[in-house]
2 protein chains.
Amino acid sequence: MSEAPIPTRKRIVDAATKLFYAEGIGRVSVDAVAEKAGLTKRTLYYHFKSKDDLIAAYLDGRDQPNIRQMSGWFEAAEGDVERKVEAIFTNLARVAKNPKWKGCGFLRTAAELASMPGHPAVKAGSRHKKNFETWLTGELSGHGVAEPQTLAREIVLLMDGAFSVMLIHRDPGYVEAAGHAAATLVRARSGRKTGS
Amino acid sequence: MSEAPIPTRKRIVDAATKLFYAEGIGRVSVDAVAEKAGLTKRTLYYHFKSKDDLIAAYLDGRDQPNIRQMSGWFEAAEGDVERKVEAIFTNLARVAKNPKWKGCGFLRTAAELASMPGHPAVKAGSRHKKNFETWLTGELSGHGVAEPQTLAREIVLLMDGAFSVMLIHRDPGYVEAAGHAAATLVRARSGRKTGS
DNA sequence: GTATGTATATTCACTAGTCGGTATACTTGA
DNA sequence: TCAAGTATACCGACTAGTGAATATACATAC
């Protein structure tokens, strides 16, 4: 009763999530995922028709948890919308110090699949980023910011830039710099009605 | 006399550059590079001690050409510094429409090597990004912008964000949005002496 | 000028292992 | 009895890297 038997499929996705995020999709074999999930490769291929499908499932499973984390930081922050936006970056800079942190799984996967634009995993990444942008637009709009759609996109660009640059320099100062830039952009659209 | 025989090492790096950029470092075998260069793998290993070294050489070779392209766009643009900065993004959006365009090779390589932070290729990428940031700082400073160092870093973040997001959405609108955000940040630091 | 020594540059053939994916058979629960 | 799920064992293709031999160029010695 209390021992809910974790479904095989979920065990596989959980194992794939840990390995793919930690090492990158290209450096993790299907055998490794099966072993981590505690079953054989044949069983994995019973539940997923290909590695590509498994990669897409991995990213689809990260969509909502990721957005929940960001929105949690946003809501927990005190102050006006400018402070709330900056809080996302502050928290990001904090967790990025953990050696287990390896950037954004969606962006890294898209980078690995740059030569396969239509790949299902890239599409999953695109959906996630759109979802996040839409959520942020709504928050900005609710706080009376001018041109929330444009601003949300600019903030997304700064955030994804911070993710990417961090993988090169490993310097959280870049995340904080992105947070300040985002705050500057929010300020430029607060109080005023339009910018140009 | 006029027939300068292209050195073997350069032929190898040229072949590696084309393949690594087009497919990603993990999807290109050493055999494939050797074949493209028109020699055997054993010869390649005579000139490079490992694939990792070859990857680093590929990125080192892209440092100056990349910066020259950016500075070329900057210098060719007419108008004030705000327009010149935006011109970089406008040109970027243009070339990004070419199907051969696969984002920033430095960022993509760093993403693939996220689990190996000290990798020589990641260091090469870090050097390049620093070089670009330094160049941009100098240009901004020369145009009398306040806090050129901070602004340069913010623009770099927007640019690298645009590179990364483009690989997910394949929508040049994001590059243009990044250009507008960069222009907004430049404007916030023009005419004034400081921002905070 | 021609024989010999030596460093550079290149090739063929190979190792030992990994890759994604599958054919076949077995177990288990309804 | 039968279908869903799992296991063993295997496939052909590919992987980074290497051993041993060889070709080429250019010295120096005679």
Side-chain angles (χ1 to χ4, degrees), chain A residues 1 3-59 108-109 112-116 118-122 124, chain B residues 1 3-59 109 112-113 115-116 118-122 124:
Chain A
M1 297 292 177
E3 298 272 335
I6 301 166
T8 304
R9 188 190 156 94
K10 175 165 165 40
R11 276 200 297 148
I12 296 170
V13 173
D14 286 351
T17 298
K18 283 177 192 158
L19 292 175
F20 284 153
Y21 180 74
E23 308 283 341
I25 60 166
R27 305 178 92 85
V28 173
S29 68
V30 177
D31 289 278
V33 175
E35 188 186 344
K36 179 119 187 162
L39 36 80
T40 65
K41 183 162 56 171
R42 194 64 189 85
T43 300
L44 188 153
Y45 272 102
Y46 176 81
H47 292 274
F48 297 90
K49 79 174 226 283
S50 69
K51 184 184 182 181
D52 287 337
D53 265 29
L54 178 58
I55 297 167
Y58 143 58
L59 289 185
R108 277 173 58 210
T109 302
E112 284 200 55
L113 299 173
S115 61
M116 311 170 74
H119 194 289
V122 176
Chain B
M1 296 287 182
E3 298 272 334
I6 300 167
T8 303
R9 188 190 155 95
K10 175 164 165 40
R11 276 200 296 148
I12 297 170
V13 173
D14 286 351
T17 298
K18 282 176 193 160
L19 292 176
F20 285 153
Y21 180 74
E23 308 283 341
I25 59 166
R27 304 179 92 85
V28 173
S29 70
V30 176
D31 290 278
V33 174
E35 188 185 345
K36 180 120 186 161
L39 34 80
T40 65
K41 180 162 60 171
R42 199 67 187 81
T43 300
L44 187 153
Y45 273 102
Y46 175 82
H47 292 275
F48 297 90
K49 79 175 226 283
S50 67
K51 184 183 181 182
D52 287 337
D53 265 29
L54 177 58
I55 296 167
Y58 143 58
L59 288 186
T109 302
E112 284 200 55
L113 299 174
S115 61
M116 311 170 75
H119 193 288
V122 176

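Proteins get letters first, then strands, A, B, ... in listed order; numbering begins at 1 in each.
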Please report, rounded to the nearest Å, how far the [atom2] atom of [N] is from the [atom1] atom of [X].
X       : N      : atom1 : atom2 : result
A/Glu35 : C/dT18 : CD    : C1'   : 14 Å
A/Leu44 : D/dT8  : CG    : C1'   : 16 Å
B/Leu39 : C/dC12 : CG    : C1'   : 14 Å
A/Ile12 : D/dG5  : CD1   : P     : 11 Å
A/Phe48 : C/dG21 : CZ    : P     : 13 Å
A/Ile25 : C/dC19 : CD1   : P     : 14 Å
A/Arg27 : D/dT15 : CZ    : P     : 14 Å
B/Tyr45 : C/dT8  : OH    : C1'   : 20 Å

*5' precedence on DNA chain C between A/Lys49 and A/Ala32 (nearest-nucleotide basis)*: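 Taking each residue's closest nucleotide, the earlier one in sequence belongs to A/Ala32.
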*asked:* Looking only at the side chain of B/Thr40 (C-beta and beyond, no hydrogens), which of the listed nucleotides D/dG17, C/dG21, C/dT11 gets closest?
replied: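 In terms of side-chain proximity for B/Thr40, the closest of D/dG17, C/dG21, C/dT11 is C/dT11.
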_Electrostatic pair A/Lys10-A/Asp14, nearest N-O below 4.0 angstrom_ =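 Yes, charged N to carboxylate O under 4.0 Å.
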Side-chain N or O of [X] versus OP1/OP2 of [N]: is the shortest distance under 4.0 Å?
X       : N      : value
B/Thr43 : C/dT10 : no
B/Ser50 : D/dA16 : no
B/His47 : C/dT8  : no
B/Tyr46 : C/dT10 : no

*Look at all strands and tell whether A/Val28 reaches a base, only sugar-phosphate, or nothing, counting heavy atoms closer than 4.0 Å.*
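Touches sugar-phosphate only.
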*Within the structure shown, what part of the strands sits under 4.0 Å from A/Ser29 by heavy-atom distance: base, sugar-phosphate, or nothing?*
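Sugar-phosphate contact only.
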_Whether the side chain of B/Arg42 and the base of D/dG19 hold a donor-acceptor pair under 3.5 Å is what I'd like checked._
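Such a pair exists between side chain and base.
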*Hey, does B/Arg9 have a side-chain heavy atom less than 4.5 Å from the side chain of B/Ile12?*
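No; the side chains remain at least 4.5 Å from each other.
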*Test item: A/Val122 and A/Met116 side chains (from C-beta on) under 4.5 Å apart, heavy atoms*: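 The answer is no; the side chains never approach within 4.5 Å.
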*asked:* Judged by each residue's nearest nucleotide on DNA chain D, which is more toward the 5′ side, B/Asp31 or A/Lys41?
replied: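 That would be A/Lys41.
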*Any donor-acceptor pair under 3.5 Å linking the side chain of B/Glu112 with the backbone of B/Gly24?*
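Side chain of B/Glu112 to backbone of B/Gly24: no pair is present.
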*Criterion side chain to side chain contact (heavy atoms under 4.5 Å, CB included) against B/Thr109, the qualifying member of B/Phe20, B/Tyr58, B/Tyr21*: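 Of B/Phe20, B/Tyr58, B/Tyr21, side chain to side chain contact (heavy atoms under 4.5 Å, CB included) with B/Thr109 is met by B/Tyr58 alone.
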